[in-house]
Amino acid sequence: MKVAVTYEKWEVFQHFGRTLQFNLYEIADGKVDSGEVIDTNGIGHGALAGSLKDFGAEAMICSGRGSGAIAAMSDAGIKVYAGASGNADDVIASYIAGALPEIGNATCDHHSHEAHGDHGCGSGGCHH
């Protein structure tokens with residue numbers, strides 16, 4: 001199984017739609033078999049989901065994500081685990097241990113609303 005983690009300098013990157021890299025972990029027999037850092041080339045939600053699907057990711061772990069990310073991942077058949085923070089290797093260990101819940105609701109509480117420019121946040125999350 002392949003699991004992607006939003007990634008920057010060994011940490012879970014805080015905003016799915018702005019991540020420049022993913023650490024793509026291959027998990028086998030309850031442990032990390034390998035990991036590979038892949039660049040996103042600054043593409044948006046739908047393209048990120050498509051890229052992760054092309055790389056074979058079945059799940060994605062991030063900190064913050066909005067409704068656009070949830071929809072894109074759902075359309076790609078990728079499960080989302082959000083609210084993670086800290087060292088990416090530690091987070092993937094928590095995932096393997098079953099300590100990260102799958103999340104279906106969008107959130108946007110990880111940054112200021114000024115970061116959204118014209119679109120703002122609503123109760124349903126970021127509307128990117």
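Heads up: numbering here begins at 1 and tracks the sequence.
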Where is the tightest heavy-atom contact between [X] and [Y], given as atom of each residue plus distance?
X: M1; Y: E58; value: CA-OE2, 3.6 Å
X: I78; Y: A57; value: CG1-O, 3.5 Å
X: S85; Y: V91; value: O-CG2, 3.4 Å
X: M73; Y: L52; value: CE-CD1, 3.9 Å
X: I61; Y: A84; value: CG2-CB, 3.6 Å
X: E102; Y: V80; value: CG-O, 3.4 Å

With side chains defined as the heavy atoms from C-beta onward, is the minimum distance between [X] and [Y] less than 4.5 Å?
X: F13; Y: L20; answer: no
X: K79; Y: V3; answer: no
X: D89; Y: Y25; answer: yes

Taking [Y]'s backbone N and O only, do any of them form a donor-acceptor pair with [X]'s side chain (distance below 3.5 Å, no angle check)?
X: K2; Y: F55; answer: yes
X: Q14; Y: V12; answer: yes
X: T40; Y: T19; answer: yes

If two hydrophobic side chains count as joined below 4.5 Å and joins carry through other members, does I38 share a cluster with I92?
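I38 does not cluster with I92.
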- Message: Return the CG to OG distance between N41 and S51, rounded to the nearest 0.5 Å.
- Response: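 Rounded to the nearest 0.5 Å, the CG-OG separation comes out at 8.0 Å.
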#### Entry: For Y95, ring-ring contact (aromatic ring centres under 6.0 Å, His included) partners two or more places apart
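Partners of Y95 by the ring-ring contact (aromatic ring centres under 6.0 Å, His included) criterion, ordered by chain and then number, come out as Y81.
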